[in-house]
Amino acid sequence: QVQVVESGGGLVQYGGSLKLSCVLSGRTGSTNVVGWFRQAPGKEREFVSTIHWISGTTYYTNSVKGRFFISRDNAKNTVYLQVAGLTPEDTGVYYCAAGFLSWTQATISDSRNYNYWGQGTQVTVSS
């Protein structure tokens, strides 16, 4: 099993920024991809960004390109999501997820392919 714990959410003003953290523990060697998803009130969970543990290759959904930046610290088993230029549309619960996935856009952006999930961290952007 892999345990996933997110932190770093909060209330920010329009245009503000946050740094979200995702710490993995347990059998992390059974995973190769870590992703971030978010869910706004009344909406379905959507893909945000993901990173490959080994290569560091990243992928973003179009709406966050240029504003969000995903990175990893392998020594700390931690993945970060730096979010900036926040708007109220970015409000939601941000979830970190891990799994062993083939690196294709369809696969890494589909939440059903991730086996391990955290409890989420709330990000609220005020206008």
Side-chain angles (χ1 to χ4, degrees):
Q1 292 292 322
V2 177
Q3 292 75 46
V4 180
V5 179
E6 309 97 329
S7 63
L11 173 64
V12 295
Q13 292 186 336
Y14 186 101
S17 62
L18 289 169
K19 187 172 185 178
L20 309 183
S21 298
C22 171
V23 179
L24 279 68
S25 60
R27 296 185 60 189
T28 58
S30 64
T31 65
N32 66 337
V33 174
V34 178
W36 284 94
F37 294 78
R38 66 185 179 187
Q39 188 166 18
K43 295 186 177 180
E44 293 186 354
R45 191 171 299 186
E46 65 172 350
F47 169 77
V48 176
S49 179
T50 194
I51 189 166
H52 192 284
W53 264 126
I54 306 302
S55 68
T57 305
T58 61
Y59 180 63
Y60 300 87
T61 192
N62 286 337
S63 63
V64 307
K65 286 181 179 178
R67 299 190 298 122
F68 290 13
F69 179 72
I70 191 170
S71 62
R72 86 232 191 265
D73 184 331
N74 295 67
K76 296 182 178 180
N77 284 338
T78 301
V79 171
Y80 303 99
L81 185 68
Q82 182 76 47
V83 299
L86 290 167
T87 73
E89 287 68 37
D90 295 312
T91 292
V93 179
Y94 283 66
Y95 297 93
C96 182
F100 193 89
L101 287 68
S102 57
W103 191 262
T104 66
Q105 290 185 6
T107 301
I108 60 180
S109 60
D110 188 339
S111 62
R112 296 171 296 180
N113 295 317
Y114 291 78
N115 304 104
Y116 308 104
W117 290 81
Q119 294 299 308
T121 185
Q122 176 72 43
V123 173
T124 304
V125 185
S126 62
S127 58

Can you tell me how far apart [atom1] ([X]) and [atom2] ([Y]) are? Round to the nearest 0.5 Å.
X	Y	atom1	atom2	value
Thr104	Asn113	OG1	CG	8.0 Å
Trp103	Ile108	CH2	CD1	4.0 Å
Leu101	His52	CG	NE2	9.0 Å
Ser25	Gln1	OG	CD	11.0 Å
Gln39	Glu44	CD	CD	8.0 Å
Asp73	Ser71	CG	OG	8.0 Å

Side chain to side chain donor-acceptor pair (under 3.5 Å) against Asp110, all qualifying residues, sequence neighbours excluded:
Arg112
Tell me if a side-chain donor or acceptor on [X] pairs with a main-chain N or O of [Y] at a distance below 3.5 Å.
X	Y	value
Thr91	Val125	yes
Asn32	Ile54	no
Glu6	Thr121	no
Ser21	Tyr80	no
Arg72	Trp53	yes

Can you give me the closest heavy-atom contact between [X] and [Y], atom names plus distance?
X	Y	answer
Ala84	Ser17	CA-CB, 3.8 Å
Thr78	Val23	OG1-CG2, 3.7 Å
Thr87	Arg67	N-NH1, 4.5 Å
Val34	Ile70	O-CD1, 4.1 Å
Gln105	Tyr59	OE1-OH, 3.3 Å
Gly10	Leu18	N-CD1, 3.9 Å

For residues Val48 and Val4: do they belong to one hydrophobic cluster (side chain heavy atoms under 4.5 Å, members Ile, Leu, Val, Met, Phe, Trp, Tyr)?
yes
Give a yes or no on whether Trp117 and Tyr94 share a hydrophobic cluster (residues Ile, Leu, Val, Met, Phe, Trp, Tyr; joining criterion: side-chain heavy atoms under 4.5 Å apart).
no
Side-chain H-bond candidate by donor/acceptor type, Ser111 with Tyr95, under 3.5 Å:
no
Six-ring centre of Tyr60, Lys65 cation under 6.0 angstrom, axis tolerance 45°
no
So among Phe100, Phe47, Phe37, Trp36, which one has a ring pair (Phe, Tyr, Trp, His ring centres under 6.0 Å) with Tyr114?
Phe37
Passes side chain to side chain contact (heavy atoms under 4.5 Å, CB included), Leu86 versus Phe68? Steps please.
CA-CA 9 Å; Leu86 290 167; Phe68 290 13; 4.0 Å; yes
Any side-chain heavy-atom pair of Thr61 and Arg38 under 4.5 Å:
no
Beyond-backbone contact of Asp90 with Val83, side-chain heavy atoms, under 4.5 angstrom
no
